[in-house]
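See below for the structure under consideration.
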Amino acid sequence: MSEHEQTSPSLDENQIMAERRQKLAAIREQRVAFPNDFKRSHFAKPLQETHGAKEREALEAEKVEVAVVGRMMLKRVMGKASFATLQDGSGRIQLYISNDGVGSETHEEFKRWDMGDILAARGTLFKTKTGELTVQATEVRLLAKNLRPLPEKFHGLTDQEQKYRQRYLDLIMNESSREVFFKRSQIVQGVREYMVAEQYLEVETPMMHPIPGGASAKPFVTHHNALDMPLYLRIAPELYLKRLVVGGMERVFEINRNFRNEGMSTRHNPEFTMMEFYEAYSDYHRMMEMTEGIIQHVARKACGGLHIQYQGKTVDLSHFERLTIVEAIKKYNPQYTDAQLNDRAWLKAEIARLGGKPVLSDGIGGLQLSLFEECAESQLWNPTFIVDYPVEVSPLARGSDTRPGITERFELFVVGRELANGYSELNDPEDQASRFMEQVKQKDAGDDEAMHYDADYIRALEYAMPPTGGCGIGIDRLVMLLTDAPSIRDVILFPQMRPE
RNA sequence: GGGUCGUUAGCUCAGCUGGUAGAGCAGCGGACUUUUAAUCCGUUGGUCGCAAGUUCGAAUCUUGCACGACCCA
């Protein structure tokens, strides 16, 4: 692409890099320095699986010819013969390069190649004295020169920051990191399989919203030049997906990014992946069954079972408990009495005592929720659905027909963290309009996470939306759980970082 | 936002109560035709995160800043 005479300016050049640039310059004198005419015949891992267990004599009799490629991760030179370990996308395979096999000239050339170079080799499989499957090379070529030294071969790359900032290097050096993202792909694939098997349709809705909605969160703002109007990166796809339900798409799901302009932590990245799904003629009970089914399906697929280890402790995904907010509070705090839990003044004092900030205008339900967050949430280790959320914190959820102030809503907690949130959807356009008005009032009072009034969404509901259940599952947190990752940054390939 | 810890060679890390920096790996030179973090001999490489201060003298002590990890809000 760029003129190769111009070496890119780099702030951290060193002697090793200077030497490698000289080697590259010498190669450019002789031939195409970055050839792309070598065709691989085999990946490393399948070779190990197919031939790794064979006896030396049997393997030699077979004379298996292979052409392999990969990055040189280990190199051992012994005069007239050398070993190199190549790493490809599947695993590792060893090369044996000798004067007898490739000629002394090529072998001498090989000796000048460096760790991290991308090599290709052709040859016959054999087993060394110690039984390692090895390619006895008849041809070895340098496909791409490494200029920047790899981390030390034994300890590898351990610096967390560098792992996040230079993920490519982390992926080269750390098998465990490659596994996490392999599993992440399996998990997302497993979720899709499950949804498709349940007759759900995958859709894509706007990432840029004229009115941010579907959640209580601060949005990122951008600007559309041609329309000369602000646009918001979406905080949730919910209102668009429910418009689709109005339109007759009775089972829809979307797996995509949400953006929230809030703090960063081991559990929060500004952009994160959610799956939301909506099913007409269902309710929050069905959504809980779906959530349980999805998580169990992907756990079996990615972890091989329903009993998994997270940060040294077992999580049992075979049973999902259901508790109301008050039941959960009392389960972990049996000293509280019913009278206390229905006393606003006592609730406010207790929340404050535990270090929380009670919202003074909240009713009993809101205060009970705050108390739950302070004294029970972090203890919900095995999967637990918490139900009976108060209407004031659930502006899009259907109210209970029998219990005023309560919505048909649940949140799922695992390892003390929220993993999913679902409810029977509010499909009464007049109720929804007045709840939006209530949100606008709160926004005017200074709550910048309160929702906007979305007139088109109300218009859609006015055409009548079937009774519907909906749910969102945090994919990053699900991946954290199933890969035993302590930080969300471990499961996002390029987590948001401050500039270097 | 608060607290604790950290930042030394390309990488992983030592470096004591202050006296101008060290190992292993990587690199370079040499020996070695079945090695496994190969081994053996020799050798290059440093603005000790940045900036002030104390001191005859600072990687080391003090302060501030930057970045990161963990914990708390």
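Every chain is numbered from 1 and lettered A, B, ... according to where its sequence line falls, protein lines coming before strand lines.
- For A/Arg167 and A/Phe494, the positive end is not near the middle of the six-membered ring at less than 6.0 Å and at most 45° from its axis.
- For B/rC13 and B/rG3, the P atoms lie 27 Å apart once the distance is rounded to whole Å.
- Taking the P atom of each, B/rG10 and B/rU44 are spaced 16 Å apart, rounded to whole Å.
- Under 3.5 Å, the side chains of A/Asp88 and A/Ser90 contain a donor-acceptor pair of N or O atoms.
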Would you mind writing out the side-chain donor-acceptor pairs for residues 371-379 of chain A within the sub-3.5 Å range, not counting sequence neighbours?
{"unit_1": "A/Gln379", "atom_1": "NE2", "unit_2": "A/Cys375", "atom_2": "O", "d": "2.8"}

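- Using atom P as the reference point in both B/rA69 and B/rG30, the two lie 44 Å apart (nearest Å).
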Side-chain donor-acceptor contacts of residues 135-147 of chain A below 3.5 Å, not counting sequence neighbours, with atom names and distances?
{"unit_1": "A/Thr138", "atom_1": "OG1", "unit_2": "A/Arg122", "atom_2": "O", "d": "3.3"}
{"unit_1": "A/Glu139", "atom_1": "OE1", "unit_2": "A/Arg122", "atom_2": "NE", "d": "2.8"}
{"unit_1": "A/Arg141", "atom_1": "NH1", "unit_2": "A/Asp37", "atom_2": "OD1", "d": "3.2"}
{"unit_1": "A/Arg141", "atom_1": "NH2", "unit_2": "A/Asp37", "atom_2": "OD1", "d": "2.8"}
{"unit_1": "A/Lys145", "atom_1": "NZ", "unit_2": "A/Asp114", "atom_2": "OD2", "d": "2.6"}
{"unit_1": "A/Lys145", "atom_1": "NZ", "unit_2": "A/Asp117", "atom_2": "OD1", "d": "3.1"}
{"unit_1": "A/Lys145", "atom_1": "NZ", "unit_2": "A/Asp117", "atom_2": "OD2", "d": "2.8"}
{"unit_1": "A/Asn146", "atom_1": "OD1", "unit_2": "A/Arg20", "atom_2": "NH1", "d": "2.6"}
{"unit_1": "A/Asn146", "atom_1": "OD1", "unit_2": "A/Arg148", "atom_2": "N", "d": "3.0"}
{"unit_1": "A/Asn146", "atom_1": "ND2", "unit_2": "A/Arg148", "atom_2": "O", "d": "3.0"}

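- The distance between atom NE2 of A/His268 and atom P of B/rG1, rounded to the nearest whole Å, is 17 Å.
- The P atoms of B/rU12 and B/rU17 are separated by 26 Å, rounded to the nearest whole Å.
- When rounded to the nearest whole Å, the span between CD of A/Gln166 and C1' of B/rG10 equals 11 Å.
- The same atom, P, is picked in B/rG24 and in B/rC41; the two are 10 Å apart, to the nearest Å.
- For A/Glu60, there are no salt bridge (charged side-chain N to carboxylate O under 4.0 Å, His left out) partners, not counting sequence neighbours.
- Look at the C1' atom in both B/rA26 and B/rC11: the space between them is 7 Å, to the nearest Å.
- When both distances must be under 3.5 Å, the Watson-Crick or G-U wobble mate of B/rG57 does not exist.
- The nearest whole Å value for the distance from the CD1 atom in A/Ile172 to the P atom in B/rG10 is 19 Å.
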query = If the sugar-phosphate is the primed atoms plus P, OP1 and OP2 and the base is the rest, what is the B/S/- string for nucleotides 65-73 of chain B, using protein heavy atoms under 4.0 Å?
reply = --SSSS--S
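- Under the Watson-Crick or G-U wobble criterion, with both distances below 3.5 Å, B/rG18 has no partner in any strand shown.
- Atom P of nucleotide B/rG27 and atom CG of A/Asp117 are separated by 10 Å, given to the nearest angstrom.
- Salt-bridge formation is detected for the pair A/Lys331/A/Glu321: a Lys NZ or Arg NE/NH1/NH2 atom is positioned less than 4.0 Å from an Asp or Glu carboxylate oxygen.
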task = Summarise how protein sits on nucleotides 28-36 of chain B as a single string, 5' to 3': B when a protein heavy atom is under 4.0 Å from the base, S for sugar-phosphate-only contact, - for no contact.
result = S---BBBBB
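- Applying the side chain to side chain donor-acceptor pair (under 3.5 Å) definition to pairs two or more places apart or across chains, those involving residues 72-86 of chain A are A/Arg76-A/Gln94, A/Ser82-A/His107.
- In this structure, A/Leu169 atom CG and B/rA26 atom C1' are separated by 14 Å, rounded to whole Å.
- Distance check on atom C1': B/rC48 versus B/rG22 gives 12 Å, rounded to whole Å.
- Residue A/Thr158 is classed as a sugar-phosphate contact, given heavy-atom separations below 4.0 Å to backbone atoms only.
- Residues in residues 442-451 of chain A take part in no side chain to side chain donor-acceptor pair (under 3.5 Å) pair, two or more places apart or across chains.
- Atom-to-atom, CG of A/Asn146 to P of B/rG27 comes out at 10 Å; the value is rounded to the nearest Å.
- B/rC70 is paired with B/rG3 under the criterion used here, namely a Watson-Crick or G-U wobble arrangement in which both key atom distances are under 3.5 Å.
- With both ends at atom P, the span from B/rG49 to B/rU36 equals 38 Å, rounded to whole Å.
- A 3.5 Å limit on both hydrogen-bonding distances identifies B/rG10 as the Watson-Crick or G-U partner of B/rC25.
- Applying the side-chain hydrogen bond (donor to acceptor under 3.5 Å, both in side chains) criterion to A/Thr124, with sequence neighbours excluded, gives A/Glu65.
- Ion pairing of A/Glu175 with A/Arg178 is present here, as a side-chain N (NZ or NE/NH1/NH2) and a carboxylate O approach within less than 4.0 Å.
- To the nearest angstrom, C1' of B/rC13 lies 14 Å from CZ of A/Phe154.
- Judged by Watson-Crick or G-U wobble contacts below 3.5 Å, the nucleotide B/rG49 has B/rC65 as its partner.
- Across every strand in view, B/rU33 sits unpaired, with no contact that passes the Watson-Crick or G-U test at under 3.5 angstrom.
- Between A/Lys153 and the phosphate of B/rA26, there is a side-chain N or O to OP1/OP2 separation shorter than 4.0 Å.
- Distance, A/Ile16 CD1 to B/rG27 C1': 5 Å, rounded to whole Å.
- Among residues two or more places apart in sequence or in another chain, the side chain to side chain contact (heavy atoms under 4.5 Å, CB included) test is passed with A/Glu55 by A/Glu57, A/Ala58.
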